[in-house]
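A short write-up of the structure that comes next.
Small disclaimer: the values here were computed from a predicted structure and weren't measured. In what follows, every chain begins at residue 1, and chains take the letters A, B, ... in the order their sequences are listed. The figures that follow rest on heavy atoms only: side chains count, while hydrogens, waters and symmetry mates do not.
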Amino acid sequence: MDKTYNPKTTEAEIYSLWEKGGYFTPKIDKTPPRLRLAKRGETGKKPFSIILPLPNANDPMHMGHAVFTIEDIMCRYHRMLGEPVLWLPGSDHAGIETQFVFEKKLKKEGKSRFDFDRQTLYRMIWNFVEENREINISQMKKLGFSMDWTRYHYSLEPEILKNVFTAFKKLYDDGLVYRKEKIVNYCTFCGTAFSELEVDHLEKDEFLYYLDYGPIQIATTRPETIFADVAVAVNPKDKRFTKIIGQKAIVPIINKEIPIISDELVEIDFGTGALKITPGHDATDFEIGQKHKLPAISCIDPSGKMINAIPELEGLFPKEAREKSIELLKNLGKLIKTEPLHHTVGFCYRCKNVIEPLLMPQWFVKIEPLAEPSIKAAEEGKVKFFPPRFKKQYLDWMNNIRDWNISRQIVWGPRIPAWYCLDCNPQIKINFLDKGKNFVFGTFAEIKDKYSFEEIKNGLQSLTAPVEAKFEIKENEKCPVCQSTRLIQETDTFDTWFLSGQWPLNTLGFNPENPSRSSEDFKYFYPTSVMDTLWDILFFWVARMIMFGLYLAGEVPFKTVHLHSRVVDKNGQKMSKSKSNVIDPLTMTEKYGTDALRMSLVFGIAPASDFVVSEEKIIAMRNFANKIWNASRFVISYLPPSLPDTPLTSHPHPDDRWILEELDKTVKVVTKQIETYHFGQAAETIYEFFWHSFCDKYIEMVKPRLSDPNALNTLYLILNTSLRLLHPFMPFITEKIWSLLPNQKEPLIISPWPEI
RNA sequence: GGGCUGUUAGCUCAGUUGGUUAGAGCGUUCGCUUGACAUGCGAAAGGUCACAGGUUCGAAUCCUGUAUAGCCCACCA
């Protein structure tokens, strides 16, 4: 053995040994449950399974991925317990995330998404993702992850899409999917609507403008939207205004008469106590408008420009329009006063621009019927949370959930499977590039005589169907109503989480058309054992998986949700490329070995908290790896080439008793710590025992007795047991040393976990 | 506005159900080419466990309050 451990040469060799041995692929025990009971204890161990939180396919590895080491520890531990273990890998097309990255790339090339028809753009992004997808896989192998690569899935596989469409159809047939015009969170820069979860509410210092509306004064932060006002509302309990309810207020600049109404949603103490109602640009106003049957007008369009206002403002962005409006109001003497206001504003989580609440038709999932069983499942403990405090967070969210907008106006993702007949719906608005790559916009009625259907379809960028448009959740050759063949699919794509919410079902071979005909894998591994992920996608993903699992399969997708820790830099900042504070996991494995990196991500870490990974810590763990190497080198050099099959453990030397007792205790404690998800402590326990008890004390003590077979026996026993305890954490070095032990029969990865 | 979490050695953090001298890594000091390891060995210094009350035979650990940091949720325009 070399004097120092060399991870570089060892790791590739060891990983291929595991892969070739097929140890990552579980052997499904098909003994029927009846017989399994009869033979309990012999065969029929319960399976252990984890679905990997699917990384974005275009995302190169970062420390966040390396934290999946936790999952590898669980899998390797259960594998050593003799359970059939499935760790299922995959990657996600990651809709908006990927398109955002791709658009940045386009921008560098001086182009934008508007320069391409949607099928061309889609193909370009597809190829971009394919270039990167393999990289991610090889990187995860470098980290020693014992994933079953034979069961790898990608979110855009045809089978998966088929299932997602079937699930969508089922939701629609059950009345749980609807298309409706509502105020949605629209980002005019990303060009798409978002769900509530994708809006960041950040504090901002702005101004509150008091405006003269004739008989009443109102206060607003958005004077540029007064052109879309349809009423002024006051609180019915507000005595100041009782007399003027029912009278007309006058919108300044345009001198439009609007009614003064009353509604409880208006805060008496805020501003003047009177709220201008702008249903086209505010969710509360929309709600009030609906209640009072008021019309909704838009003065900002989806491109973020002013419309339906006054000529001076037409085409301006709201920010400029606001300044101009204030000036106009001031000149007209309608601006009474301006005061600073500190409040929260919605921002696009992706591009950080202000979210524009806009009125538009979107596809929604009626969520309460899905949330209800999901709440029950958590309350009944069918899904457990670790740390337990996340159960409360989950329940709070589920109990206050709002309908889920699942449509995105982006290209990268599967289109919603709804088809419109253009002849039945001539008012559908269409954006497309004609043969000469010129941008054309208009309703179908306006353009149908100038362009062929084929030309429109091939150059299509997007379409917007009026809310009353008829559609079929099915691709027909002809319109069932008018027999037209000019059918066109919805251009809105699915929210990525709509697909990934069904991930555990679809990767395991669930059959949504006929659940009883789902695959063997599904029947065997579902529900999976643990879902381990970062808490930041608890609502986005974990909650959605639970809802879909219960709705489609009638069972939760996993029994335990384990929230792991987040890696931050020395200043407590999240690592990100833009902050250039990333420590690249692969650079670290190159320098210090994978085992050192893995251990540094686990050692002394508390769950669901931030932790700092520093190069110093990785070095410390590299030193530990070297310690393991050298202690083993020492022990092995004194061991005979073969050992008796039954070591003399029952009659240890009196001087060895204490270390054997400590070993025993270590096995017990580590096992318990792993079982209870205290991986950080488990790592510390073994470290402490191996280095400070075994190496520092016992080996030093036993040196004079090295010719005593009894001592060698103890050394062998401790080393052998320690390697098994260490293996889930530091799989490469332990497997390598294991192969150098005498009497070697099978690889460490499938050797039994030490018995308590 | 509501909720959650942290505050422990110079630094970064552990401490599972309250129980003997509060731990680790890194750093610091002193001494070591001691039969595997200087990526090492031995020894040492260093903490009123944020603060104030309370419960208890006993509190870093449980309760209340204060300060401070951070996170999540939220339709006061």
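The distance between atom NE2 of A/H678 and atom C1' of B/C13, rounded to the nearest whole Å, is 15 Å. Between the CD atom of A/E684 and the P atom of B/G25 there is a distance of 9 Å, rounded to whole Å. When the C1' atom of B/G25 is taken as reference, atom CD1 of A/I605 falls 11 Å away, rounded to whole Å. For A/L395 and B/C4, the CG to P distance is 13 Å, given to the nearest whole Å. Between the CD atom of A/E616 and the P atom of B/C13 there is a distance of 13 Å, rounded to whole Å.
Between A/Q681 and B/G15 there is a side-chain N or O to OP1 or OP2 distance below 4.0 Å. Taking only side-chain nitrogens and oxygens, A/H692 comes nearer than 4.0 Å to OP1 or OP2 of B/G25.
Judged by Watson-Crick or G-U wobble contacts below 3.5 Å, the nucleotide B/G65 has B/C51 as its partner. The partner of B/U34 cannot be assigned: no Watson-Crick or G-U wobble pair with both contacts below 3.5 Å exists in any strand. Across all strands shown, B/U17 remains unpaired; no Watson-Crick or G-U wobble contact has both distances below 3.5 Å. Checking B/A74 for Watson-Crick or G-U wobble geometry (two distances, each under 3.5 Å) identifies no partner in any strand. Here B/A43 sits opposite B/U29 as a Watson-Crick or G-U wobble pair (both hydrogen-bonding atom distances under 3.5 Å). Look at B/A24: its Watson-Crick or wobble partner, with both distances under 3.5 angstrom, is B/U12.
Figure legend: cation-pi geometry between A/R724 and A/W738 absent, as NZ or CZ is not positioned both under 6.0 Å from the six-membered ring centre and within 45° of its axis. Remark: A/K391 fails to qualify as a cation-pi partner of A/F385 under the 6.0 Å distance and 45° angle criteria applied to the six-membered ring. Remark: A/K276 fails to qualify as a cation-pi partner of A/Y213 under the 6.0 Å distance and 45° angle criteria applied to the six-membered ring.
The six-membered or imidazole ring of A/H281 lies away from that of A/F227, with a centre-to-centre distance of 6.0 Å or more. Taking the ring centroids of A/F690 and A/F694, they lie under the 6.0 Å cut-off.
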What are the atom names and distances for every N/O pair under 3.5 Å that joins the protein to nucleotides 33-39 of chain B?
residue	atom	partner	partner atom	Å
B/A36	O3'	A/R633	NH2	3.2
B/A36	O2'	A/N630	OD1	2.4
B/A36	O2'	A/R633	NE	3.3
B/A36	O2'	A/R633	NH2	2.5
B/A36	N7	A/K703	NZ	3.3
B/A36	N6	A/E700	OE2	2.8
B/A36	N3	A/N630	O	3.3
B/A36	N3	A/A631	N	3.4
B/C37	O4'	A/N630	OD1	3.1
B/C37	O4'	A/N630	ND2	3.2
B/C37	O2'	A/N626	ND2	3.1
B/C37	O2	A/K627	NZ	2.8
B/C37	N3	A/K627	NZ	2.7
B/U39	O4'	A/N623	OD1	2.8
B/U39	O2'	A/N626	ND2	3.2
B/U39	O2	A/R622	NE	3.2

Protein-nucleotides 71-77 of chain B N/O pairs under 3.5 Å:
residue	atom	partner	partner atom	Å
B/C75	OP1	A/R402	NH1	3.0
B/C75	OP1	A/R402	NH2	2.4
B/C75	OP2	A/R402	NH2	3.1
B/C75	O2'	A/T284	OG1	3.1
B/C75	O2	A/T284	OG1	3.0
B/A77	O5'	A/H343	ND1	3.3
B/A77	O3'	A/T221	OG1	3.4
B/A77	N6	A/E267	O	3.0
B/A77	N6	A/F270	O	3.0
B/A77	N1	A/E267	N	3.2

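Comparing the P positions of B/A44 and B/A24 gives a spacing of 12 Å, expressed to the nearest Å. Spacing between B/C63 and B/U56 at atom P, rounded to whole Å, works out to 16 Å. For the P atoms, the distance from B/G31 to B/U48 is 29 Å, rounded to whole Å. B/G46 and B/G10: their C1' atoms are spaced 8 Å apart (whole Å). B/A14 sits 13 Å from B/A9 when the C1' atoms are compared, rounded to a whole Å. Between B/C41 and B/G35, the two C1' atoms lie 14 Å apart (nearest whole Å). Comparing B/G25 with B/G65, their C1' atoms sit 36 Å apart, to the nearest whole Å. For the P atoms, the distance from B/U61 to B/G54 is 14 Å, rounded to whole Å.
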List the steps and the verdict of salt bridge (Lys or Arg N to Asp or Glu O under 4.0 Å) for A/E700 and A/K703.
CA-CA 6 Å; A/E700 291 308 320; A/K703 274 178 180 169; 3.2 Å; yes
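The stretch residues 589-604 of chain A touches RNA chain B through A/F603, A/G604, each having a heavy atom under 4.0 angstrom from the strand.
For A/K559, the salt bridge (charged side-chain N to carboxylate O under 4.0 Å, His left out) criterion is met by no residue, not counting sequence neighbours. Every residue meeting the side-chain hydrogen bond (donor to acceptor under 3.5 Å, both in side chains) condition with A/Y77, not counting sequence neighbours, appears here in chain and number order: A/E675. With sequence neighbours excluded, no residue forms a salt bridge (charged side-chain N to carboxylate O under 4.0 Å, His left out) with A/D696.
The residues A/R322 and A/E206 are annotated as salt-bridged, a charged nitrogen and a carboxylate oxygen being separated by less than 4.0 angstrom. Note on A/R622 versus A/E615: no salt bridge recorded, every NZ/NE/NH1/NH2 to OD/OE distance being 4.0 Å or above.
There is a side-chain donor-acceptor pair under 3.5 Å between A/E339 and A/Y210.
When heavy atoms are screened at a 4.0 angstrom cut-off, A/Y687 is found touching the sugar-phosphate backbone but no base atom.
Ring orientation note: the planes of A/W397 and A/F539 are close to parallel, at an angle under 30° on the 30°/60° scale.
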